[in-house]
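One structure below.
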Protein chains: 2
Amino acid sequence: MTTHDNDAFKPIATVDLAIFSLTPAGLSVLLVRRTSAPFAGDWALPGGWIHIDEDADLEAAARRVLKEKTGVETPYLEQLQTTGNRDRDPRGWSISIVYIALLSADDVAERQDAMAEEAEWRPIEGEGVGLSLAFDHAALLKEALGRIRSKVEYSSLPGHLLPVRFTLSELQSVYESLLGRKLDKSAFRKRMAEADFLEPVEGEMRRASNRPAQVFRLKDTRSLVLFDRRI
Amino acid sequence: MTTHDNDAFKPIATVDLAIFSLTPAGLSVLLVRRTSAPFAGDWALPGGWIHIDEDADLEAAARRVLKEKTGVETPYLEQLQTTGNRDRDPRGWSISIVYIALLSADDVAERQDAMAEEAEWRPIEGEGVGLSLAFDHAALLKEALGRIRSKVEYSSLPGHLLPVRFTLSELQSVYESLLGRKLDKSAFRKRMAEADFLEPVEGEMRRASNRPAQVFRLKDTRSLVLFDRRI
DNA sequence: CGGCCTTAGTGTAAATATTCAACTAAGTTA
DNA sequence: TAACTTAGTTGAATATTTACACTAAGGCCG
């Protein structure tokens, strides 16, 4: 938390991040332990004040916080929502702009060293982490989970939890893990083809002690949406 | 724009509203003409600074602005997105939390007198109003339209543009108008039944020079979402 | 080398959903 | 009372989804 010379901006707005990744325990969120009041000692979503002298925009602020906590520079990032009221922080009126970030499993593995010491991955159980969180962060986390689970149904979002290159089966496993149910292989394949989220990596196959699988990558760094005529 | 005594909060965050209604020209947005710099004389989305002494939370701030401009107190309100950077306002870093509000045609008719003088309904053409707007408001309006058009496909949002009581045909017309295409009557009826957005108003029928139609109302003041298994 | 195991990827028949258009219903108007 | 208008229903043709079996292509092991 830096002090600002710029008199025009008393920091009152923070950027908070719900950073998700797939760990062996399933979908997990990164939490940090607060070191100062209020809520000292409690777990919280990583966040920080906006620095109007450093941050070009809100997304840049979110990237900076992410970099500080995890070392990752190019995550999937999506704005979730903004809350502001006088109750969420005992110090008074404050605004929090919440972002969702998705990290791939190898992002997490590679940067284990860069990760902030007081930070920890916590597996998701139901609508939260089974832990009381600082501020209104439990509610923010619940919203973030709702967004993620809803976007599984109609977007390429789950692909951002995998490394850049993956097979269809690996992707299907992520969808299944987020949805909490098994999917039909042939239907999944057809849906992905129609949705046009994926690009085969020419000539590259994943080989194991069985038939090799085509390797794919996402066509876009954003989460693409599948449009259907519903009405 | 009031001055704040509270030293802890130099206003830097505004709430801006994309207020929509159905006018004879179709979907329209409420614009106000700016009276002071920057962008004096330009059209803009209605908005205002957040008053931490008056506004319990961001949504309350949005309701206050709406009331000031239109006289309407209980609109449909939904948070769209938050932008913040140093370019959107020539005076420096600023944050805008944007809300979408939907007014019913009779809200608008009844409160014609309460409506701010410098405000005007502008019909939507394509992705905007064919008018250059102050700040980054043209981009914000475009985002708002994207959100609305996407939610037509899977939510009860269009119902909030109608008076509290309406017939299925009236509702279908709104969907058609927002989608820009005709829908099948029987498919629409079936979809609405499955979606469970609507509640028949017992015994109440809309009578004209033809067979009377059942009157419905929305089950909820929020926009309910239709969940389908897509994958 | 050749059979076996495993996972990749395809095919297909049955069940379900969508579409399109005609039909019946219930009022007002002349 | 017949014509007209919009509400609401029905059903056959068509398209899509689902469930599951089948074929493909490797490595492994005797």
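Below, each value reflects all heavy atoms present in this structure, side chains not excepted, and no hydrogens, waters or symmetry copies.
In the set D/dA19, C/dA8, C/dA21, D/dA19 carries the atom at the smallest distance from any side-chain atom of A/Asp184. The side chain of A/Lys185 approaches C/dG9 more closely than any other nucleotide in the set C/dC20, D/dA7, C/dG9. Taking only side-chain atoms of A/Ala213, from C-beta outward, the nucleotide of D/dG27, C/dA8, D/dT6 with the closest atom is C/dA8. Listed nucleotides D/dA25, D/dA7, C/dA26 differ in distance to B/Pro212; the shortest reach to its side chain belongs to C/dA26. With C/dA8, D/dA7, D/dT9 as the choices, the nucleotide that has an atom nearest any side-chain atom of B/Arg211 turns out to be D/dA7. Ranking D/dC28, D/dT9, C/dG27 by closeness to the A/Ser209 side chain, first place goes to D/dC28.
Between A/Glu68 and A/Arg64, at least one side-chain N (NZ, or NE/NH1/NH2) sits under 4.0 Å from a carboxylate O, which counts as a salt bridge. Under the 4.0 Å criterion applied to side-chain N and carboxylate O atoms, A/Glu143 and A/Arg147 are not assigned as salt-bridge partners. The pair A/Glu199-A/Lys219 does not count as a salt bridge, with every side-chain nitrogen at least 4.0 angstrom from each carboxylate oxygen. Salt-bridge check for B/Glu59 with B/Arg63: passed, with a basic side-chain N closer than 4.0 Å to an acidic carboxylate O. A salt bridge links B/Lys142 with B/Glu127: the closest approach of a Lys/Arg side-chain nitrogen to an acidic carboxylate oxygen falls below 4.0 angstrom.
One atom, CZ of B/Arg206, and another, P of D/dG8, lie 11 Å apart when rounded to the nearest Å. One can place CZ of B/Arg189 at 17 Å from C1' of C/dC20, the figure rounded to the nearest angstrom. Put simply, CD on A/Gln214 is 15 Å from C1' on C/dT7, counting in whole angstrom units. Whole-Å rounding puts the A/Leu183 CG to D/dT18 P distance at 10 Å. Distance B/Phe166 CZ to D/dT6 P: 20 Å, rounded to the nearest Å. Rounded to an integer number of Å, the gap from CE of B/Met205 to P of C/dA26 is 10 Å. With rounding to whole Å, A/Glu194 atom CD is found 12 Å from D/dA15 atom C1'. Atom CZ in A/Phe188 sits roughly 19 Å away from atom C1' in D/dC20 (whole-Å rounding).
Scanning atom types as modelled, no donor and acceptor separated by under 3.5 angstrom connect the side chain of A/Ser186 and the base of C/dG9.
Dashed line: the shortest gap from a side-chain N or O of A/Arg207 to OP1 or OP2 of C/dT7 is not under 4.0 Å. Note on B/Ser169: a side-chain N or O is less than 4.0 Å away from OP1 or OP2 of D/dA7.
Toward the 5' end of DNA chain C, the nearer of the two residues A/Asn210 and B/Arg191, judged by each one's closest nucleotide, is A/Asn210.
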